[in-house]
Amino acid sequence: MSAGPLCDRVRAMCVDVEGVFGPGPARDEVVAIRDRLAERTPRIAVGGKLKAGKSTLVNALLGQRLAATNGTETTMVVAWFRDHYQSRILVRPRDGAPYYLPAGPGGRIPADLRRMDDRTTAPPDREGDQEVAAELARRVASVTVEVPNKRLAERHIIVDTPGLGSLTGLDDSSLAALADADALLYLMPHPSLQDRQVLTELRAAAGAARLSAATVLGVLSQIDLLGERPDDVWPGARRVAARSAGQLRGLLADVIPVVGLLAETAFGDEFTEADTRRLLRLADSDRAAARRALYKAESFLTWDGGPLDEAERQRLLDMLGVYGLTHLLAAIDSGARGTRALLDTMEELSGIRPVLDHVDRHFVAGADRLRAQTALGRLELAMSHGAAPSADGRQVLDRVREELAQLRRHPLLLQIEAAAALAALAGAAGTAAGGRLAADETAADELLALATGSDLAAMVGCPPAAAGAEVAGAEVAGAAEAALDRWRTRESSPTRALERRVIRAAIDLCQAIYTQATAPA
């Protein structure tokens, strides 16, 4: 099955270049690029600060509780999740050859990642021990969870990265995983000015200058913990998310608030009919006492006079939290008394749907452009480092370079360049260049649309047309031409180099959109 027209074109170039070089690093790199382009699904990384809820969001994306949570030792190791016909764990140690281990219960990562036949050291004696976690991270570079999973088969490969206490805390394996991803979900439980610095430095440290509004979505995680009471946290969460999205404009597409724990449970496989019965017993008990118990997690766990025993209370709290329990009881009062109805309520309460929609619309549907852009840079670098080929080989390389230059003029690839330029400008916030463009809200909004639009019409602010393709093409062409005039006017004003790069990228993209919209069908 095709990986996409852009990826197919770059892959054909790889086949041509592969035959030019003899055995060696350059040829190995070209083969790796070719194989990478054969994948049909994008690689999406989940990153953010320590204890930001990354693994919880990973489990929601997977629809299966596979990623380690709650600070267990394996959360300090890069974890890849891929579809496979059987469940197994591939361990890549920092020293020595990779090896497979049987998966843990439900396909999860086992706590002990050493070879089953090499247990010369006592296994970890308690979960979450920071010394154990640090020792494991020193010994293991990454693990790959291979498991039958429909979402992994049809939508994406997921990589769960260790927490960013600071960039100095990211090892080479973590940086390589982030650089190898096509897109990033960046979690922020408590947004701050430090997030701009982290995102800016991350782009440089991981060698991932392409991380931008086209490839990064911010997630305001754990909003159920923002306030002291589990009442309606959404108005405040939306204000925080909107403020953060404005402050980080250009570095990411948007910031979406979620209750990750509820999303994980809503899409996971652990909430059962027995749990529904437990909630119904809680709902039918003394409601005043239940409200007092749900004032905070500690009071619920110590509520011995209620209808649930300690193990049942702990289980519900682990899956739903105080916020979820409080609002699910209200949903039961409104008639949601079945398991399916409760799961639907969890999904709605979690706010996860806009995140999934963005992933599908921009990362999954846009995987062809994202992966082709990365492959172009890697292929050009490999070609420049290869040993001097024969005369016939040089002709092949010259032809491929011409094809690469032509392909880079495609609007979807120019979009990635425009997004990267905008991210560079956003990273320079506070400088004269960043300040002047930030003051021009119209220009900033147009740039963001160009960088993140899911199709040509969206890039130039033209709504999807219900009329025929010819009429729609004319509307897009007109909008692109008007945008081109505005950007040329901005270019005529005195600018600094960083601004000039952004404006030139916008002009190139608008011109390419106009050319494609006016091309004969």
Side-chain angles (χ1 to χ4, degrees), residues 44-48 51-84 86-90 101-113 124 127-128 133 143-163 185 187 219 221-222 224 258-276 278-279 311-321 323-325 328 339-340 342-347 349-353 355-356 359:
I44 300 177
V46 179
K51 299 182 179 179
K54 296 182 298 298
S55 298
T56 299
L57 183 63
V58 165
N59 289 332
L61 292 171
L62 296 174
Q64 202 172 347
R65 195 173 281 212
L66 296 174
T69 58
N70 298 324
T72 53
E73 56 271 9
T74 50
T75 60
M76 298 299 292
V77 176
V78 174
W80 292 86
F81 297 86
R82 297 175 180 269
D83 177 66
H84 197 264
Q86 70 179 84
S87 295
R88 59 183 185 177
I89 309 295
L90 174 63
L101 291 177
R108 299 174 195 168
I109 304 172
D112 190 358
L113 294 177
E127 286 189 341
V143 297
T144 299
V145 179
E146 297 180 346
V147 62
N149 183 287
K150 184 176 180 180
R151 294 189 182 191
L152 290 173
E154 298 178 353
R155 297 172 66 184
H156 41 53
I157 293 168
I158 297 292
V159 55
D160 188 9
T161 62
L185 295 175
L187 272 64
V219 177
S221 57
Q222 302 174 345
D224 51 316
V258 298
V259 183
L261 182 62
L262 283 180
E264 178 185 48
T265 303
F267 288 108
D269 50 7
E270 294 202 344
F271 188 87
T272 66
E273 294 288 345
D275 295 312
T276 296
R278 293 182 182 105
L279 282 175
E312 290 175 313
R313 295 195 301 273
Q314 184 69 66
R315 176 177 171 82
L316 290 181
L317 194 64
D318 288 344
M319 287 194 294
L320 305 171
Y323 174 83
L325 282 166
L328 284 171
T339 299
R340 183 68 264 165
L342 290 173
L343 288 171
D344 289 343
T345 301
M346 292 177 212
E347 179 185 341
L349 287 170
S350 73
I352 192 64
R353 181 54 57 186
V355 174
L356 300 179
V359 168

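The pair R278-E312 counts as a salt bridge, with a side-chain nitrogen and a carboxylate oxygen less than 4.0 angstrom apart.
Considering only residues two or more places apart in sequence or on other chains, Q86 meets the side-chain hydrogen bond (donor to acceptor under 3.5 Å, both in side chains) condition with none of them. By the side-chain hydrogen bond (donor to acceptor under 3.5 Å, both in side chains) test, N149 is found to be paired with Q64, residues two or more places apart in sequence or in another chain being considered. Taking D269 as the reference, nothing meets the side-chain hydrogen bond (donor to acceptor under 3.5 Å, both in side chains) condition, with sequence neighbours excluded. Residues forming a side-chain hydrogen bond (donor to acceptor under 3.5 Å, both in side chains) with E270 (at least two apart in sequence, or on another chain): R108. Among residues two or more places apart in sequence or in another chain, the salt bridge (Lys or Arg N to Asp or Glu O under 4.0 Å) test is passed with R315 by D275. Remark: E347 pairs with R353 by the salt bridge (Lys or Arg N to Asp or Glu O under 4.0 Å) rule, at least two apart or across chains.
Taking all atoms of both residues into account, the shortest heavy-atom contact from G48 to K54 is N-CD, 3.4 Å. Of all heavy-atom pairs between L261 and M319, the closest is CG-O, 3.4 Å. Counting all heavy atoms, side chain and backbone alike, T161 lies closest to V46 at OG1-O, 2.8 Å. In this structure, R151 and L61 approach most closely via the heavy-atom pair CD-O, 3.0 Å. Residues I89 and G107 approach most closely at CD1-O, 4.2 Å, considering heavy atoms. For I44 against V359, the heavy-atom pair with the smallest separation is CD1-CG1, 3.6 Å.
At a threshold of 4.5 Å between non-hydrogen side-chain atoms, the residues L152 and I158 count as touching. Side chains of F271 and L279 form a contact here, defined as non-hydrogen atoms less than 4.5 Å apart. Taking the side chain as every heavy atom from C-beta outward, I352 and L356 approach each other to under 4.5 Å.
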Should L90 and H84 be marked as a side chain to side chain contact (heavy atoms under 4.5 Å, CB included) after you check the CA-CA gap, both sets of side-chain angles, and the distance that decides it?
CA-CA 12 Å; L90 174 63; H84 197 264; over 6 Å; no

